[in-house]
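Numbers for residues simply follow the sequence, beginning at 1.
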Amino acid sequence: MFYWVVKAILGPVLAVLWQPRAEGVENVPRTGPAIMVSNHLSFSDHFFGPLPLPRKITFLAKAEYFTGTGPKGLISRLFFTGVGQIPIDRSGGKASEGALRTGLRVLKQGKLLGIYPEGTRSPDGRLYRGRTGVARLALESRAPVVPMAMINVDKIMPPGRTVPKLGIRPKVVFGKPLDFSRYYGMEKDPRVLRAVTDEIMYALLSLSGQEYVDRYAQSVKRELEQAAKEEKKEQHADAKERRRSERAKRKAEKKALKREKKAEREAKKAGESAEGDAAATAEEQPEKG
C-alpha cells in the first residue's frame, strides 16, 4: 500500500521537475512474473525505472540501505521497507544463494522482480560485466526477462551527490522480453550462465547506448577508491612536505635576520668604539699656539 502512496506523491513531482520519458512500456507483461533487469547508473534508478509502469517492481536491494544509522539511515530504512524492497547480503557464498531463493520466491508469487546484474552502481556511466545470478534466476524461474535501460539518470544524481540536478530529462527504455527457453534445465552449467548473462547485458547495451567494459564494476570501484586514497595520501604527504619546507624556510629567514641584527649591533658597537678612540686621541694632542 505504501508503495502506491509514495508513487502517487512522487510521481507528479518527478514528472513536473524532470519530465521523464518512457519507451516500450507495452513490453512489460501486465500480469504474471517477470524479471526486470536494469543497468545501474544512480540511486534515482529506483524512482524513474518503475514510474511509468502500472505494476509494482520489487527490487533486491543491498542490505546497507536497511542498516544505516542516524536520521539518514532511518529514512532510508523506512523508505525501502515501505516500498517493498528486499534486503540482500552481497558478500557471496551462502548469502548469494539466499538472495537467489528470495528472488525466486518473489517470482513464484507472480510479481515483477527488479535486479541490477552489474551488482553495483556504475562508477563512471559505462556498462559493466553482469553477474551470473540473474541467469540462474531466469533459468530456474523460467520467467520472461525484460531489459530496462536507464538513460541520463546518472547526470541527475551521480554517485556521491545528495541533491539532484534539474534541467535533465531522464529516460527509461523497456526492451522486448528475452527468451531463454533453449537453456532450461542447464542452470548448473557455468558456460550457459555466462552466455545468458552476456546476452542480457548486450540487450541493455543496445538499449542504453553505453560503452561496455568487460570487467566487474565492483573491481573497478575498488581500484578507483584505492587510487583516490593514494592520491589523497600523496596530497597529504606533499602538503606535509610543503609545511616542513615552509617551516625550514621561516627558520632560516629568522636565523638570517638574527645574524643581520647581530652584525648591525657589532658594526654599531665597533663604530662607537672607533669614535671614542678618535675623541681620546684628540684630547691627548697639545694645543698649538
Note: E97-R101 ion pair, threshold 4.0 Å (strictly below): yes
Distance under 6.0 Å and angle within 45° of ring axis: R121 vs Y116: no
Heavy-atom donor-acceptor pair, W18 side chain to K165 backbone, under 3.5 Å: yes
Short side-chain to backbone donor-acceptor contact, Q218 and T120, under 3.5 Å: no
P50 and Y3, any side-chain heavy atoms less than 4.5 Å apart: yes
hydrophobic_cluster_shared for Y128 and L60, side chain cutoff 4.5 Å: no
Side chain N27, main chain F174, donor-acceptor under 3.5 Å: yes
Single-linkage hydrophobic cluster, 4.5 Å side-chain cutoff, Y212 and L207 together: no
Pair D124-V213, side-chain contact (heavy atoms from CB on, under 4.5 Å): steps then yes or no: CA-CA 11 Å; D124 53 16; V213 181; 5.8 Å; no
Nearest heavy-atom neighbours spanning P20 and L14: CD-O, 3.5 Å
Approximate separation, where rounding is to 0.5 Å, of W4 CH2 and K56 NZ: 8.5 Å
Rounded distance (nearest 0.5 Å) linking atom NZ of K111 with atom CD1 of I57: 13.0 Å
Close side-chain approach of R30 to P54, heavy-atom, < 4.5 Å: yes
Hydrophobic cluster membership, V16 vs M157, 4.5 Å side-chain cutoff: no
Validation row: D154, S122 side chains within 4.5 angstrom (heavy atoms): no
Pairwise side-chain contact, K221 with Y216, heavy-atom cut-off 4.5 Å (strictly under): no
Output a table of donor-acceptor pairs, distance under 3.5 Å, between side-chain atoms of residues 251-268 and any protein atom two or more places apart or on a different chain; print 'none' if there are none.
none

Check: T102 side chain, G98 main-chain N or O, donor-acceptor pair, under 3.5 Å: yes
Closest contact, heavy atoms only, M36 versus V28: CE-CG2, 3.8 Å
Exercise answer: donor-acceptor pairs, residues 144-152 side-chain atoms, under 3.5 Å, sequence neighbours excluded:
residue: N152; atom: OD1; partner: K155; partner atom: NZ; Å: 3.3
residue: N152; atom: ND2; partner: R169; partner atom: O; Å: 3.1

Which atom of E118 lies closest to which atom of N39, heavy atoms considered: OE1-CA, 3.5 Å
E187 side chain to G185 backbone, donor-acceptor under 3.5 Å: yes
For the student: nearest non-hydrogen atoms of G11 and L51, plus distance: CA-CD1, 3.6 Å
Check: G125 main-chain N/O paired with Q210 side-chain donor or acceptor under 3.5 Å: yes
Pairwise distance CZ(R136) to CG(L100) - rounded to 0.5 angstrom: 4.5 Å
L113 CG to R105 CZ distance, which is reported to the nearest 0.5 Å: 11.0 Å
Less than 3.5 Å apart, which donor and acceptor atoms pair up between the side chains of residues 195-202 and the rest of the protein, not counting sequence neighbours?
residue: T197; atom: OG1; partner: L193; partner atom: O; Å: 2.7
residue: D198; atom: OD1; partner: R194; partner atom: NH1; Å: 3.1
residue: E199; atom: OE1; partner: R182; partner atom: NH2; Å: 2.7

F59 with F43, same ILVMFWY side-chain cluster at under 4.5 Å: yes
Path from F180 to V134 over hydrophobic side-chain contacts below 4.5 Å: yes
Euclidean distance, F48 CZ relative to S42 OG, rounded to 0.5 Å: 8.5 Å
Within 6.0 Å of CZ in R244, more than 12 heavy atoms from elsewhere: yes
Residue among E223, E230, R222 satisfying side chain to side chain donor-acceptor pair (under 3.5 Å) with Q226: E230
Nearest heavy atoms of I35 and S141, plus distance in Å: CD1-OG, 3.8 Å
Step-by-step side-chain contact (heavy atoms from CB on, under 4.5 Å) determination, K232 to K229: CA-CA 5 Å; K232 188 175 181 180; K229 287 181 181 179; 5.6 Å; no
Separation between CG of L104 and CG of L137, rounded to the nearest 0.5 Å: 5.0 Å
Contact summary for P123 and V220, nearest pair of heavy atoms: CG-CG1, 4.0 Å
